[in-house]
Visitor: 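Sharing a structure below in structure tokens format, with a few things to ask.
Owing to the predicted nature of the structure, the values given are computational and were not obtained by experimental measurement.
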Amino acid sequence: MTPAARLSAAIELIATIDAQRIPAAKALKEWGTAHRYAGSGDRAAISGLAWDVLRRQSSSSWLMDDSSARSRVLGMLKLERGMDVATIAALCDGGRFAPEPLTATEEAALTSRSLKDAPAHVAGDYPDWLDSHLAKVFGDERAAEATAMASRAPLDLRVNTLRGKREKVLPRLSHLGAAETPWSPLGLRIELGADARNPGIHAEEDFIKGAIEVQDEGSQLAALFSAAKPGEQVIDLCAGAGGKTLAIAAMMDGKGRLIATDSDKRQLAPIHERLSRAGVHNCDVRTPRGEDEVLSDIKASADLVLIDAPCTGTGTWRRNPDAKWRMRPGALEVRLKDQAEVLERAAPLVKAGGRIAYITCSVLAEENGEQVRAFIARHPEFSVQPPEQTASVLWDKSEQFAEAALQSAEGLLMTPRRTGTDGFFVSILKRQTSS
């Protein structure tokens with residue numbers, strides 16, 4: 001397919017998503033099934049265009065003064081892809097399979113309009129109802145922070161130290177353009193271009209043998225900040241598919257007791273195969289069965305309880321831009337209740353001198369600092385570890401990271417703009433030792 005034909009396909013896709021109100025991933029899959037002639041490169045390029053439109057949905061509509069699928073695609077080409085009017089016009093020449101030529105109105109908008117006077121939620125491309133929530137955290141910088149959260153994410157990998165070392169793995173992934181991550185001592189990063197295909201990490205020998213896992217650098221850091229140690233008793237209370245469980249297991253070096261569980265056994269299902277591939281032998285996976293409490297034998301004995309809390313996922317928008325437009329206010333209320341419940345479940349599991357690592361992939365204050373303050377008010381036997389102490393596990397990079405992240409009395413907030421990671425909040429809550 002020509003670049004112009006790909007552009008036409010993207011316009012068609014966005015119109016389908018609008019008309020049928022279906023998730024973008026489903027629309028892309030159905031389009032690929034219906035257009036078998038499109039090669040993998042074509043599908044990757046068209047997907048990239050569609051996702052970029054969703055990243056810049058509000059700002060593109062503002063720029064073009066029109067919210068049609070075509071206008072949003074054209075606006076995105078200028079705002080996200082950095083194309084000038086002449087380049088866009090060359091793609092829209094009205095030829096076979098190409099979009100119709102630019103109208104005088106479209107050309108004028110692309111030439112003269114900008115985001116200079118756009119409201120923050122438009123310039124930052126997020127739903128209007130979230131503006132007050134983001135203002136609470138970022139103030140006048142919320143549009144800039146949200147714009148970074150709308151950018152394309154790299155592919156980050158974590159080297160599993162139970163299977164290999166970063167300096168050994170890195171040369172073996174040089175053909176993918178892998179480089180060390182800025183902060184994590186375990187991370188590798190593959191930058192992805194606008195039309196990049198999936199590099200097929202799952203087919204790499206290092207992945208098959210368990211030496212690498214796909215994990216955003218922010219998630220790697222969140223696990224590192226828990227400071228799990230060999231010989232400890234650690235409970236991963238919201239293990240899900242096991243991303244942070246695997247990271248914690250490597251930190252424990254196979255020594256100690258690691259328990260992984262989750263309230264949703266469907267989310268937990270993939271963890272077994274992943275633990276096996278990673279060479280983890282000290283993890284007890286406890287799958288919920290009915291109303292039985294799977295942790296009934298644990299009472300005030302855990303050194304660390306990790307809570308990868310259920311949240312709105314606002315910190316992962318650059319990986320799933322469709323999610324921010326589908327998010328509704330009611331979702332936040334549900335998540336706040338879920339978070340409070342899991343914190344209450346964690347508290348009695350922690351021994352004196354032990355700790356809770358409370359982690360979200362959200363940037364919203366209600367899910368982060370406010371949730372921590374409410375927990376401390378209910379449980380004065382816990383206190384927040386100073387954020388600079390939490391960051392100290394990064395050794396020579398700790399001070400630089402602490403300056404880059406957004407610090408509060410309750411913890412550390414990472415964002416794409418500040419730390420180049422997904423948005424993650426980490427708070428370490430320590431239980432007082434017995435008097």
Side-chain angles (χ1 to χ4, degrees), residues 7 10-11 13-15 17-18 21 24 48-89 91-92 99 102-153 194 312-329 332 362-365 406 413 415-418 420 422-423:
L7 194 62
I11 295 172
L13 260 169
I14 295 299
I17 293 169
D18 290 347
R21 297 180 180 273
L49 288 166
W51 287 120
D52 281 352
V53 171
L54 293 171
R55 297 178 199 283
R56 304 298 184 190
Q57 186 155 272
S58 285
S59 57
S60 295
S61 296
W62 174 278
L63 185 78
M64 301 301 296
D65 197 22
D66 181 58
S67 60
S68 68
R70 174 183 164 98
S71 289
R72 279 180 283 149
V73 172
L74 295 178
M76 176 277 296
L77 293 177
K78 178 177 179 179
L79 295 174
E80 180 67 15
R81 299 294 178 96
M83 293 185 184
D84 58 25
V85 178
T87 303
I88 297 172
L91 289 170
C92 303
L102 297 180
T103 66
T105 301
E106 289 171 339
E107 189 169 337
L110 289 167
T111 302
S112 61
R113 286 180 63 86
S114 71
L115 303 180
K116 179 182 177 183
D117 298 319
H121 74 275
V122 170
D125 284 286
Y126 56 86
D128 186 13
W129 70 268
L130 277 170
D131 189 55
S132 61
H133 296 274
L134 294 179
K136 187 185 298 185
V137 181
F138 302 119
D140 292 340
E141 296 185 343
R142 63 190 182 278
E145 290 282 353
T147 296
M149 289 195 287
S151 64
R152 186 182 300 268
T312 57
T314 51
T316 64
W317 279 349
R318 60 183 188 162
R319 298 187 187 277
N320 189 9
D322 192 26
K324 64 182 171 183
W325 304 115
R326 301 175 69 82
M327 181 180 167
R328 297 293 180 265
L332 176 58
S362 171
V363 299
L364 303 184
L406 186 59
L413 177 63
T415 70
R417 180 173 177 242
R418 291 170 177 270
D422 282 350

Visitor: Quick one: list whatever passes side chain to side chain contact (heavy atoms under 4.5 Å, CB included) with Ser61, sequence neighbours left out.
Guide: Ser67, Arg72
Visitor: Partners of Arg326 by salt bridge (charged side-chain N to carboxylate O under 4.0 Å, His left out), sequence neighbours excluded?
Guide: none
Visitor: Is any side-chain heavy atom of Thr415 closer than 4.5 Å to one of Leu406?
Guide: no
Visitor: My understanding is that only residues two or more places apart in sequence, or in another chain, count here; which of them pass ring-ring contact (aromatic ring centres under 6.0 Å, His included) with Trp325?
Guide: none
Visitor: Listed by chain and number, what are the side-chain hydrogen bond (donor to acceptor under 3.5 Å, both in side chains) partners of Thr314, not counting sequence neighbours?
Guide: Ser362
Visitor: For residues 110-125, which residue pairs qualify under side chain to side chain donor-acceptor pair (under 3.5 Å), counting only residues two or more places apart or in two chains?
Guide: Ser59-Asp125
Visitor: Mind checking what makes side-chain hydrogen bond (donor to acceptor under 3.5 Å, both in side chains) contact with Ser151, not counting sequence neighbours?
Guide: none
Visitor: Contact between Val53 and Ser60 at the side-chain level, heavy atoms closer than 4.5 Å - yes or no?
Guide: no
Visitor: Can you sort out the partners of Ala10 under side chain to side chain contact (heavy atoms under 4.5 Å, CB included), two or more places apart, ordered by chain and number?
Guide: Leu49
Visitor: Distance check, rounded to the nearest 0.5 Å: Leu130 atom CG versus Leu332 atom CG?
Guide: 8.0 Å
Visitor: Got a sec, which residues hit side chain to side chain contact (heavy atoms under 4.5 Å, CB included) with Ser68, two or more places apart in sequence or on another chain?
Guide: Asp66, Arg70, Ser71
Visitor: At their closest point, which heavy atom of Ala120 faces which heavy atom of Ala143, and how far apart are they?
Guide: O-CB, 3.9 Å
Visitor: Find the distance between CG (Leu79) and CG (Asp52) and round it off to the nearest 0.5 Å.
Guide: 11.0 Å
Visitor: For residues 58-89, which residue pairs qualify under ring pair (Phe, Tyr, Trp, His ring centres under 6.0 Å), counting only residues two or more places apart or in two chains?
Guide: none
Visitor: Run the salt bridge (charged side-chain N to carboxylate O under 4.0 Å, His left out) test against Arg417 and tell me which residues pass, sequence neighbours left out.
Guide: Glu141, Glu145
Visitor: Can you find a heavy atom in the side chain of Arg152 that is under 4.5 Å from one in the side chain of Trp51?
Guide: no
Visitor: Might you work through the side chain to side chain contact (heavy atoms under 4.5 Å, CB included) test for Thr316 and Met149, ending with a clear yes or no?
Guide: CA-CA 8 Å; Thr316 64; Met149 289 195 287; over 6 Å; no
Visitor: With sequence neighbours left out, what residues match Leu110 under side chain to side chain contact (heavy atoms under 4.5 Å, CB included)?
Guide: Leu63, Met64, Lys78, Val85, Ile88, Leu102
Visitor: Minimum heavy-atom separation for Trp129 to Ser132, with atom names?
Guide: O-OG, 4.2 Å
Visitor: State, with a plain yes or no, whether a side-chain heavy atom of Ile11 is found less than 4.5 Å away from one of Pro99.
Guide: yes
Visitor: Any side-chain heavy atom of Asp131 sitting closer than 4.5 Å to one from His133?
Guide: no
Visitor: Just by distance, do the side chain of Glu106 and the backbone of Thr103 share a donor-acceptor pair under 3.5 Å?
Guide: yes
Visitor: Assess whether side chain to side chain contact (heavy atoms under 4.5 Å, CB included) is satisfied between Leu74 and Met76, documenting all intermediate values.
Guide: CA-CA 5 Å; Leu74 295 178; Met76 176 277 296; over 6 Å; no
Visitor: Under the salt bridge (charged side-chain N to carboxylate O under 4.0 Å, His left out) definition, can you give me all pairs with a residue in residues 314-324, not counting sequence neighbours?
Guide: Asp216-Arg318, Asp216-Arg319, Arg318-Asp422, Arg319-Asp422
Visitor: What pair of heavy atoms forms the shortest contact from Gly423 to Pro416, and how long is it?
Guide: N-CD, 4.1 Å
